[in-house]
Amino acid sequence: MEIPVNVSLDLDNTLNCGQTFRWHKKNEKWYGVVNRTPLILNYDPTQSLLEVQSIGEEINGETLENGIIHYLGLNDSLQSIKGNALKQVEKTHPDFIPLFHEIVDPSLGIRLLRQDPWEMLVEFLLSTQSNILTIKKRCEKLAGFFPENQVFIKEEPFFLFPSIDQLRHLEVDDFQSMLFGYRSKWLKELVDTIDIRMFKTLKNMPLEQKLNYMTGFSGIGYKVANCVALFGFSDFRAFPVDVWISRFLNQYFGVTGNAENLMVVGQEIFGEFCGYIQEYIFYYIRTRCR
DNA sequence: GCCCAGGGGTAGT
DNA sequence: ACTACCCATGGG
């Protein structure tokens, strides 16, 4: 199947900018799973065509095509998001305008994915104090623990992300064997105590309620909860503050503080789509600022 | 060997 | 409320 793409799309950096951990590229094609549907994606920017291989017929009750359009955020107007944030920057920090363009313009094909909130919660709990390569290996380790979740497109294997019921059957030692370290007990406690139906209702609640609920679990602090809100619940007012963003805000705005304080700073500077801008800043720091 | 990583919990101020 | 320190482990 082929999907015509008539908006800007930087698929490589969308799938490789730290918002998702289980996509991998081989021979110019991307391999990954969206909800319970394995996909092979091959984007040709010169033709603006997205070639899709799959064994599934639908994603989350939608047609394959609509499901992929939704997942990739192809309906997001990146120009509007930039314009909205720029207006806010002009009001609050006009001296930052040149750097704002320098950061955002090269990123206007990077899109925030609509990922599964449960998978985001588990994966970002495992992300603490680790680099992205290590996080990716952990996520693969966890998914690969369940051979019954393996599916194929032709000869190519994929693992569906484990459900909460599957994870409930594991012990702390199982997680230790996957080298999750001190995160093992956090994950065990999470799967034992979370009310997954309650968790899913956060989708329609304000950011503050999302954060309040999620930070109630051990191992889920403000940074991780913001990542889940942004990448799992598509709440663009979320503003995750990790060591990179913290250093950036300190360097260019002279502010310091914890993840909660700096989240508010980011919201004030960049406005209601600050989560999108946060991702562009993260990409900028890690590709052009080192 | 050393330092860092998409942090968070906790005890001591 | 703020700080210092610890946590397990892999990668550069």
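In what follows, chains are A, B, ... by sequence order, proteins preceding strands, each numbered from 1.
Where A/Thr215 and A/Ile245 meet DNA chain B, the nucleotide closest to each residue was compared, and A/Ile245 sits on the side nearer the 5' end.
Nucleotides B/dG9 and C/dG10, compared at atom P, are 23 Å apart to the nearest Å. When the P atom is compared between C/dC5 and B/dC4, the two are found 16 Å apart, to the nearest whole Å. With both ends at atom P, the span from B/dG6 to C/dC6 equals 23 Å, rounded to whole Å.
A/Phe96 and A/Leu108 fall within the same hydrophobic cluster, where Ile, Leu, Val, Met, Phe, Trp and Tyr residues are linked whenever their side-chain heavy atoms come under 4.5 Å apart, directly or through other members.
Between A/Tyr252 and A/Phe248, the angle of the ring planes lies from 30° to 60°, which puts this pair in the tilted group. A parallel orientation is assigned to the rings of A/Tyr31 and A/His24, their planes being inclined by less than 30° (bins at 30° and 60°).
Between A/Asn261 atom CG and B/dG8 atom P there is a gap of 14 Å when expressed in whole angstrom units. In this structure, the CZ atom of A/Arg286 is 12 Å from the C1' atom of B/dC4, given to the nearest Å. Rounding to whole angstrom units, CG of residue A/Asn226 and C1' of B/dG7 are separated by 13 Å. Distance, A/Ile285 CD1 to B/dA5 P: 11 Å, rounded to whole Å. To the nearest angstrom, P of B/dG8 lies 11 Å from CG of A/Leu211.
Between A/Phe100 and A/Tyr284, the gap from one ring centroid to the other reaches at least 6.0 Å. If you look at A/Phe270 and A/Phe236, their ring centroids are not closer than 6.0 Å.
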Can you check nucleotides 10-13 of chain B for protein contacts, nitrogen or oxygen pairs under 3.5 Å, and list what you find?
none

With 3.5 Å as the limit, what N/O pairs link the protein to nucleotides 9-12 of chain C?
from   : atom 1 : to       : atom 2 : distance (Å)
C/dG11 : OP1    : A/Lys137 : NZ     : 2.1

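Put simply, the side chain of A/Arg286 reaches to within 4.5 Å of the side chain of A/Ile132, judged on heavy atoms.
With hydrogens and angles ignored, a donor-acceptor pair closer than 3.5 Å exists between the side chain of A/Tyr182 and the base of B/dG7.
Residue A/Glu279 is in base contact, counting any heavy-atom pair closer than 4.0 Å across all strands shown. Contacts of A/Phe217 with the nucleic acid, taken as non-hydrogen atoms under 4.0 Å apart, involve only primed sugar atoms and P, OP1 or OP2. Contact annotation for A/Val241: no contact, since no heavy-atom pair falls under 4.0 Å across all strands. Within the nucleic acid shown, A/Gly219 comes within 4.0 Å of sugar-phosphate atoms alone, with no base atom in reach, counting heavy atoms only.
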> How far apart are the C-alpha atoms of A/Ile281 and A/Trp244, what are their side-chain angles, what is the distance that settles it, and do they pass the side chain to side chain contact (heavy atoms under 4.5 Å, CB included) test?
Replying inline: CA-CA 9 Å; A/Ile281 294 172; A/Trp244 301 92; over 6 Å; no
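Under the 4.0 Å criterion applied to side-chain N and carboxylate O atoms, A/Asp174 and A/Lys188 are not assigned as salt-bridge partners. Using a cutoff of 4.0 Å between basic side-chain nitrogens and carboxylate oxygens, A/Glu156 and A/Lys26 are scored as salt-bridged.
Across all strands shown, B/dC2 is found opposite C/dG12 as a Watson-Crick or G-U wobble partner, with both distances under 3.5 Å.
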